[in-house]
Structures are given as C-alpha cells and as structure tokens.
Protein chains: 2
Amino acid sequence: MSKLTSIYDRSRVPLYIQVASVMRQRIDTGHWVEGDKISTLEELEQEFAVARVTIRQAIELLREEGLLNAQQGRGTFVSGKPKHNRWLNLANDFDTMVSSIKDNVLKRVHIEEIAANPDLSEGEGTLADSYVFLRSVQYNDNEPFSVVNLHLARSIFDKAGKQFMSVAALPKIVEMADVTIAHAHQTLTIGVASPETADLLKIGLGEPTADCRLVLVDDSGIAIYVADIHYHKNCFALRNDLLERSGPRRGGAK
Amino acid sequence: MSKLTSIYDRSRVPLYIQVASVMRQRIDTGHWVEGDKISTLEELEQEFAVARVTIRQAIELLREEGLLNAQQGRGTFVSGKPKHNRWLNLANDFDTMVSSIKDNVLKRVHIEEIAANPDLSEGEGTLADSYVFLRSVQYNDNEPFSVVNLHLARSIFDKAGKQFMSVAALPKIVEMADVTIAHAHQTLTIGVASPETADLLKIGLGEPTADCRLVLVDDSGIAIYVADIHYHKNCFALRNDLLERSGPRRGGAK
DNA sequence: CTCAATTTGTTCGTATGTATG
DNA sequence: ACATACATACGAACAAATTGA
C-alpha cells in the first residue's frame with residue numbers, strides 16, 4: 001500500500017479533496033507563487049501516489065476556486081491566492097476585547113427567554129439561578145464570520161432588557177454600575193461546525209471552526225455571561241508580540 | 001432539496017462522516033451524556049434528512065471509536081467520550097513560553113544545514129544572511145502532538161552547534177549573552193496538514209491543525225528564529241483570564 | 001516547416017464506496 | 001437485504017496543443 005493510501009485510510013475524506021487541500025496550502029503559504037508553473041501531472045501522480053484522474057480532479061477543484069489554470073501542452077499555472085479575511089484579531093486583554101466588540105455589526109437570530117443552563121467547566125464559576133439564551137451572527141462585508149451563542153444570567157438580562165436585542169451584550173455589562181467582573185476566562189480551541197453553525201456561517205457540516213469560549217464571573221463567583229463563539233476558520237487569526245509588555249530581552253537574562 | 005443535502009453540497013465530504021462529526025461533537029460537549037439512549041434511527045433520519053443506512057454508517061464509525069453502542073431491540077447508547085489531550089496551554093507571555101518549552105520531549109527528525117529562506121510577512125523583521133532548517137516532533141505519552149519547523153539564523157546556530165540537535169532552541173537562545181530579542185511575534189491560525197505534518201502527527205492529509213508561528217527579531221531587526229508549529233487539533237487549547245493583569249473590573253468603569 | 005518531446009485533455013473498463021428508497 | 005444510481009479511484013491508452021530543435 002502506498003504512503004498516501006494509508007493516510008487516506010486515516011481520514012476517509014475523498015482523495016482528490018485531500019490533494020486539493022495540500023495544493024491550496026502550497027499556494028497560500030507562498031510555496032507556489034502566482035504565475036508559477038506547477039509540477040506536471042506525471043510528477044504530481046508520483047508525488048502523491050495517486051492516479052492521473054485524481055490529480056486532475058484536484059486541479060479542477062482549484063480551477064473553480066480561481067487558484068489554478070491548466071493549459072493543454074503548456075502546463076498548469078498558479079493564477080491567484082486563496083481569499084483570507086484575517087482581519088479579526090482576537091484580544092488578549094479585556095479592554096481591547098470590549099472595545100473591539102463595541103463596533104461589531106451583529107444580527108440576533110435566536111432568543112430563548114427560558115433556556116437550559118450552560119455547561120460550565122472546572123474553574124468557570126458557579127451557575128446563576130437562570131439564564132437567557134441569545135444567538136447572533138457577526139458580519140463583515142455581508143459575509144458571516146462568527147456565530148455567538150450566549151447564555152446571559154437572567155438578573156443581568158433584566159437590567160437592560162430589550163437593549164440586548166440589538167447591541168452586543170459585553171459592553172453593556174461593563175457599563176453597569178452595580179456589576180463587578182472578577183474574572184474573564186477565555187478558552188480557545190478548534191471545533192467542528194454543528195448544523196446550526198454550518199448554516200449560519202455558510203460552511204460545510206463538520207468543517208473546522210475556531211471556538212472561543214468567554215465566561216465572565218462576578219465578585220460572588222457566579223458565571224453571569226457564558227459565550228460560545230464559533231469563528232469561520234479563514235477569518236480567524238490571533239496576533240501578538242509576547243514581549244510587548246516586558247520589553248526587549250537582553251541576552252543572558254534569567 | 002433537503003437542508004442537509006445543500007450543506008453537503010458545500011462540503012463534499014461523505015454525508016455519513018458529516019453526520020458522525022455532529023454526533024461526536026454532541027457527545028464531546030455533553031449534549032449527549034455517557035449512558036444516554038440517543039434518538040431512534042427513525043428520529044435521526046428525520047433530523048438529518050438522510051437515509052437510514054447513512055445514519056447506520058455514522059453510528060458504525062462512532063462504534064469503532066468506542067463512543068456509541070447499538071443494541072438490537074433496545075436502542076443506541078453513548079458508551080464513552082472522545083479522548084482529548086488538551087494539556088497544552090499556549091503561553092501568552094514570553095517567560096511562560098520559554099519555561100514551558102524547556103521541559104519538552106522532542107525528537108529531531110530532519111535537519112538541513114543549507115536551507116531556503118523562510119517567507120516573512122509584513123512586520124516580521126528582515127531576513128538573515130542564511131538559515132539552518134530544523135524539524136522536530138513533540139511527544140506526550142508517546143503520542144505526537146506537534147511538529148515544529150524551525151528556520152534558525154546561521155549565526156545563531158553556529159554559536160551552539162550540536163546542542164540544537166537534542167534540545168529546544170528557544171531556551172538556548174534566551175541564554176545567549178550577546179543576543180537581544182527585541183520582538184517575539186506570535187500568530188495563531190487554523191491550517192491543514194501537509195503530507196509531512198500528517199505523517200508525523202498521524203492524522204489525515206488536509207485535516208485541520210492549530211498553526212502557531214513564532215518569529216524572534218533581534219535588536220537590529222533581523223528575524224533570527226522563525227518557527228512554524230503545527231499542533232494536533234485535539235491537543236490544542238489556549239486558556240487565559242483576560243483580567244489577570246488588570247484585576248477585577250468595578251462596574252461603570254470606562 | 002517538420003518532427004519529436006512534453007504536457008494537458010479525453011475516454012474506456014473495472015472496482016469499490018456512497019446514498020437513496 | 002436488495003435494486004438502483006452516482007461518485008470515487010485506478011491504470012492505460014490515445015488525442016490535442018505547445019514548444020523548441
């Protein structure tokens with residue numbers, strides 16, 4: 001069995017899609033540059049250890065995406081880069097987070113006034129008496145880039161009521177005079193799109209998403225705000241300078 | 001056309017795998033709990049709008065993974081949770097990063113003393129004269145969880161030579177008396193496994209990975225350390241408290 | 001201009017996988 | 001379990017376009 005066939009056994013995704021993924025990445029990372037002539041079908045057959053037709057299917061996929069352009073007798077050329085909207089910069093301090101959310105264009109798509117409690121993990125505080133559930137979608141250029149599933153403690157929801165329908169909840173909570181936020185636990189993982197998420201983000205079921213969970217705990221240890229945010233993977237990037245706060249590191253420092 | 005069929009059109013992944021992904025996630029998130037009897041085939045058929053056999057294929061997949069257990073005449077039951085090794089906690093300050101790397105068990109799998117230059121993005125400094133390329137795999141419990149592709153400026157490599165073969169490079173660099181690190185740019189995105197990465201992490205080609213790029217820039221603006229780290233998606237999590245540095249947030253604060 | 005080499009495009013037959021009802 | 005339809009993948013042969021000697 002060839003090397004790739006055994007990898008194929010691991011993933012069960014159609015081979016030509018796997019091959020296309022790798023090629024797409026090569027273009028994306030600049031390994032194959034726009035205008036380049038890529039390897040011949042024959043070479044690709046050998047490299048990936050698959051049949052000619054399979055390579056052609058992969059190329060056809062990327063042709064539809066506008067990344068490749070095959071010309072009979074000449075070769076196959078790179079004709080573009082995958083579109084990325086990595087304009088999202090996840091915050092890693094609270095103020096940046098709040099101010100970046102403030103300007104978001106969002107659309108509430110679902111509200112349940114009587115909602116099941118969120119599942120809290122170790123260290124995420126204790127449950128409030130009851131929660132309201134809000135779901136919204138964030139857009140940029142009319143393209144959806146994230147879905148927010150928010151469990152909001154009813155006591156908080158009642159303070160501002162209808163305002164939560166049209167505005168992001170987090171900045172509103174920060175403004176509340178009688179609420180103290182003791183912790184803001186953030187957890188970032190890679191997840192897969194549920195039917196609802198896939199539908200709202202216009203991606204395939206089970207495709208990867210960047211999942212960010214944000215839990216706000218008040219001074220009595222109650223989780224008043226539990227958000228599960230699913231980002232479209234191409235819209236997600238987290239950038240920071242690890243030395244931003246501490247300044248340059250002189251040699252030999254402990 | 002049913003709702004799911006149209007989602008299927010977007011993803012091109014076999015339908016039963018998509019269905020299995022959703023079910024797996026339900027178990028993972030605690031929506032379906034161990035011991036539960038899940039919906040009947042008939043209900044699932046309707047919910048996902050697919051044929052009975054397709055549901056059975058999905059269940060069979062999860063049965064092989066030990067998550068489900070179907071019993072004729074009784075129903076299908078949850079028999080376990082997906083294994084996650086989310087013990088990785090990506091640092092978001094430099095010292096934590098360095099000290100967490102120090103203890104890593106790694107295996108160098110590939111070294112090129114004469115290597116191509118890395119591709120630097122805007123703001124990641126300027127290229128050094130030449131680079132050495134090092135590839136290593138990190139293990140935990142004999143399971144690979146990350147692949148590091150490192151371009152190290154030759155001037156740095158020459159200072160410690162063979163030591164880089166067996167030890168993580170970053171702590172070594174920090175200890176160097178005549179090297180100043182001015183910036184440590186970190187970028188986190190979601191990527192896909194290349195053939196090499198898939199092979200080393202034992203995952204399928206094109207499966208999602210958490211990609212972390214770390215670029216160290218010295219005081220003359222040269223990128224002396226350019227690492228592309230690919231984490232297994234189940235081993236990756238980033239956790240922090242956004243209020244850790246600033247302390248609790250009193251209500252009404254601007 | 002012709003010829004040969006190179007490279008993509010097309011087709012056939014076969015086998016297996018996926019999905020429906 | 002069965003009949004049906006279509007997708008995926010292989011290997012091999014042949015056709016058509018391009019290039020350069």
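Here C:dT18 presents its C1' atom at 16 Å from CZ of B:Arg12, a figure rounded to the nearest Å. Rounded to whole angstrom, the span from the CD atom of A:Gln72 across to the C1' atom of C:dA5 amounts to 15 Å. Rounded to a whole Å, the CD1 atom of A:Ile55 is 13 Å from the C1' atom of C:dT8. Note: CG (A:Leu44) to C1' (C:dT8) measures 12 Å, nearest angstrom. Rounding to whole angstrom units, CG of residue A:Asn69 and P of C:dT7 are separated by 17 Å. Atom pair B:Glu45:CD and C:dA19:P shows a separation of 14 Å (rounding to whole Å applied). Rounded to whole Å, the distance from CZ on B:Phe48 to C1' on C:dA19 is 16 Å. The separation between B:Glu60 atom CD and C:dA19 atom P is 15 Å, rounded to whole Å.
Nearer to the 5' terminus of DNA chain C, by closest-nucleotide assignment, is the contact made by A:Ser39 (compared with the other of B:Ala51 and A:Ser39).
B:His31 places no side-chain N or O within donor-acceptor distance of the main-chain N or O of B:Gln25, the cut-off being under 3.5 Å. A donor-acceptor contact shorter than 3.5 Å is absent between the side chain of B:Arg24 and the backbone of B:Leu67. Checking side-chain atoms of A:Glu143 against main-chain N and O of A:Asn140 turns up no donor-acceptor pair under 3.5 Å. Of the possible donor and acceptor atoms, none in the side chain of B:Thr54 sits under 3.5 Å from a partner among the backbone N and O of B:Tyr16.
When the nucleotides C:dA19, D:dC10, C:dG9 are ranked by their closest atom to the side chain of A:Leu15, D:dC10 comes out on top. Nearest to the side chain of A:Ala70, among C:dA19, D:dT8, C:dT8, sits C:dT8. Residue A:Lys37 has its side chain nearest to C:dT7 when only C:dG9, C:dT20, C:dT7 are considered. Taking the side chain of B:Val50 as heavy atoms from C-beta on, and the options C:dT20, C:dT18, C:dT8, the nearest nucleotide is C:dT20. Closest approach to the A:Val53 side chain among C:dT7, D:dG11, C:dA19 is made by D:dG11 (side chain taken as heavy atoms from C-beta onward). Distance from the side chain of A:Leu41 is smallest to C:dT8 among C:dA19, D:dA9, C:dT8. When distances run from any side-chain atom of B:Gln57 to the nucleotides D:dC10, C:dT18, C:dT8, the shortest one goes to C:dT18.
Side-chain polar atoms of B:Gln18 and B:Ser11 form a donor-acceptor pair below 3.5 angstrom. A:Glu196 and A:Ser194 share a donor-acceptor pair across their side chains, judged by distance under 3.5 Å alone.
Distances shown here put every side-chain N or O of B:Tyr16 at or beyond 4.0 Å from the OP1 or OP2 atom of C:dA19. For the pair B:Thr54 and C:dT20, the criterion of a side-chain N or O lying under 4.0 Å from OP1 or OP2 is met. Side-chain nitrogen and oxygen atoms of A:Arg56 include none within less than 4.0 Å of the OP1 or OP2 phosphate oxygen of C:dT8.
Using Watson-Crick or G-U wobble geometry with both donor-acceptor distances under 3.5 Å, D:dA1 finds no partner in any strand shown.
Across all strands shown, B:Arg52 has no heavy atoms under 4.0 Å from either base or sugar-phosphate atoms.
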